[in-house]
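Heads up, the thing below is written out as structure tokens.
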Amino acid sequence: MHRLNSTESPLEAAAGAAGPRATEAFSVLGNETRLAILLALWEAYEPFEAENTVAFAELRKRVGMRDGSQFNYHLTQLVGHFVRHTDDGYELRRAGHKLVQSVIAGAGLDNPELDPTEVDRACPVCGAPTVVTYHDEWLFHVCTECEGRFGNRDQFPEGTLAGVNLNPAVVTDRKPEELLNAAFVRGTWNLQSAVEGVCAECSGPMEGWLHVCDDHGAEGVCPNCDRRYEVMARFRCPVCKASGEYVPSCSWLVMHHPAVIAFYADHGVPLQYDDDSGSFQPRYRDVDPKEDIDFELITTDPPRVRVTFQHEGAELELTLDENVNVIDVSERGRPGVNRLGT
Ligand SMILES: [Zn+2]
Ligand SMILES: [Zn+2]
Ligand SMILES: [Zn+2]
């Protein structure tokens with residue numbers, strides 16, 4: 001147990017694994033003038049402009065501070081962590097830019113809400129109509145009839161099919177259908193990035209693992225794990241703690257695996273956007289995930305998942321290990337084709 005000793009600041013006590021560089025960066029922010037400088041540099045910044053540095057005098061004017069030496073002191077504190085000093089003046093470093101961005105997109109907008117609104121998209125579990133709703137920074141896609149994929153834990157509404165934690169910026173200028181599409185785009189690409197081992201938030205390394213329920217109920221949403229599926233793919237970034245949990249049966253974990261792309265290409269099946277739902281989610285044309293893609297937990301210790309793609313009598317099998325890596329690929333049913341390379 002970590003105890004606060006008398007020489008420690010609350011920041012040092014709270015930091016734990018984040019370390020001294022993080023506490024130093026946080027402590028720099030505890031002043032209104034410094035926050036004003038970050039905001040002023042962000043206001044002055046315009047993407048694609050050749051020159052985005054702000055000269056000292058101009059920056060001081062923007063912040064409205066008369067005392068030059070006081071201003072200089074605060075500015076100097078920011079240089080290194082959040083601000084870059086060049087021959088021409090000052091500009092935001094990436095961390096400074098991300099900081100202002102996240103405040104603007106997260107807390108700097110109105111707190112928008114969307115009551116459950118029907119969208120033109122059938123429930124992938126039962127086929128019933130679905131709604132989209134947004135409140136308290138969570139966007140939910142919810143079935144109006146079945147239990148959905150997740151139980152009623154915390155703030156998840158009953159019938160939740162998907163829940164994505166998104167900044168209020170997602171609601172800006174979007175109709176409910178567009179909102180859902182935006183959530184799917186984010187979800188799909190966050191997952192793709194995680195599968196490739198890159199955190200979509202900070203570019204840190206992503207850790208993946210298969211999480212298996214230890215006492216899974218067979219029907220509907222399990223009372224033990226609150227999920228419909230016995231095994232979920234989880235990802236976590238050790239640097240920034242971004243995380244995501246995905247239903248492996250959706251197969252997006254392996255949809256872009258070269259073996260899957262090649263398998264469908266051999267059968268003349270293109271990857272395209274889903275015309276039926278008008279959604280931005282790519283899928284293989286005429287492939288029905290429920291009918292044509294099978295998914296099975298083959299061992300639990302360590303967990304292994306087998307995903308089987310079937311098309312016109314041919315079969316492609318991918319095996320995922322406990323860290324969500326494809327460790328085996330095998331193909332059957334096409335004379336003369338052997339993707340194992342033997
Ligand atoms: Zn349903
Ligand atoms: Zn369970
Ligand atoms: Zn990260």
Side-chain angles (χ1 to χ4, degrees), residues 35 38-39 41-43 45-48 92 94-125 128-194 198-203 235-237 240-247 250 252 273-283:
L35 296 176
L38 294 179
L39 198 52
L41 286 172
W42 188 79
E43 284 289 339
Y45 169 81
E46 195 50 51
F48 307 114
L92 288 177
R94 185 163 165 77
H97 197 89
K98 293 275 278 186
L99 183 83
V100 181
Q101 267 180 330
S102 71
V103 174
I104 299 276
L109 298 170
D110 283 342
N111 202 4
E113 305 233 323
L114 178 73
D115 289 335
T117 306
E118 194 167 325
V119 284
D120 185 19
R121 202 179 168 90
C123 171
V125 176
T130 61
V131 296
V132 61
T133 169
Y134 182 84
H135 59 88
D136 208 12
E137 303 186 327
W138 277 89
L139 183 140
F140 294 104
H141 184 214
V142 179
C143 181
T144 54
E145 282 176 25
C146 77
E147 286 181 287
R149 287 178 172 145
F150 296 94
N152 196 5
R153 45 179 187 148
D154 302 334
Q155 75 275 51
F156 275 40
E158 228 170 289
T160 293
L161 293 161
V164 194
N165 195 205
L166 291 168
N167 283 324
V170 75
V171 182
T172 307
D173 291 335
R174 287 202 176 96
K175 300 186 185 81
E177 303 271 354
E178 295 168 334
L179 191 58
L180 187 61
N181 280 338
F184 280 130
V185 169
R186 280 307 301 243
T188 303
W189 295 113
N190 282 353
L191 173 57
Q192 286 308 302
S193 199
V198 181
C199 173
E201 298 288 339
C202 82
S203 311
F235 295 91
R236 175 188 184 277
C237 171
C240 77
K241 298 194 185 184
S243 65
E245 181 179 21
Y246 301 89
V247 177
C250 287
W252 280 105
Y273 288 125
D274 186 352
D275 290 334
D276 301 340
S277 67
S279 113
F280 294 123
Q281 258 185 322
R283 54 175 278 183

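Note that these values count all heavy atoms, side chains included, but never hydrogens, waters or copies made by symmetry.
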### Message
With side chain to side chain contact (heavy atoms under 4.5 Å, CB included) as the criterion, how do Phe156 and Val142 come out once you've worked through the C-alpha distance, each side chain's angles and the decisive distance to 0.1 Å?
### Response
CA-CA 9 Å; Phe156 275 40; Val142 179; over 6 Å; no
### Query
Is there a side chain to side chain contact (heavy atoms under 4.5 Å, CB included) between Val170 and Tyr134 once you walk through the steps?
CA-CA 10 Å; Val170 75; Tyr134 182 84; 3.9 Å; yes
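Between Ala105 and Pro168, the closest heavy-atom pair is O-CD, 3.3 Å. Residues Trp42 and Ile104 approach most closely at CZ3-CD1, 3.9 Å, considering heavy atoms. The two residues Val100 and Leu39 have their closest heavy-atom pair at CG1-CD1, 3.9 Å. Listed here is the closest heavy atom pair of Leu180 and Arg121: CD2-CD, 3.7 Å. Across all non-hydrogen atoms, the minimal contact from Glu201 to Lys98 is O-NZ, 2.9 Å. Of all non-hydrogen atoms in Thr144 and Pro129, the two that sit nearest each other are OG1-O, 2.7 Å.
Relative orientation of the Phe140 and His135 rings is tilted, given thresholds of 30° and 60° on the angle between their planes.
For Pro124, the side-chain contact (heavy atoms from CB on, under 4.5 Å) partners two or more places apart in sequence, or in a different chain, are Arg149, Leu161. Annotation: side-chain hydrogen bond (donor to acceptor under 3.5 Å, both in side chains) contacts of Glu137 (sequence neighbours excluded): none. The side-chain hydrogen bond (donor to acceptor under 3.5 Å, both in side chains) check on Thr130 picks up His141, with sequence neighbours excluded.
For Ser193 (side chain) and Asn190 (main-chain N/O), no donor-acceptor pair under 3.5 Å exists by modelled atom type.
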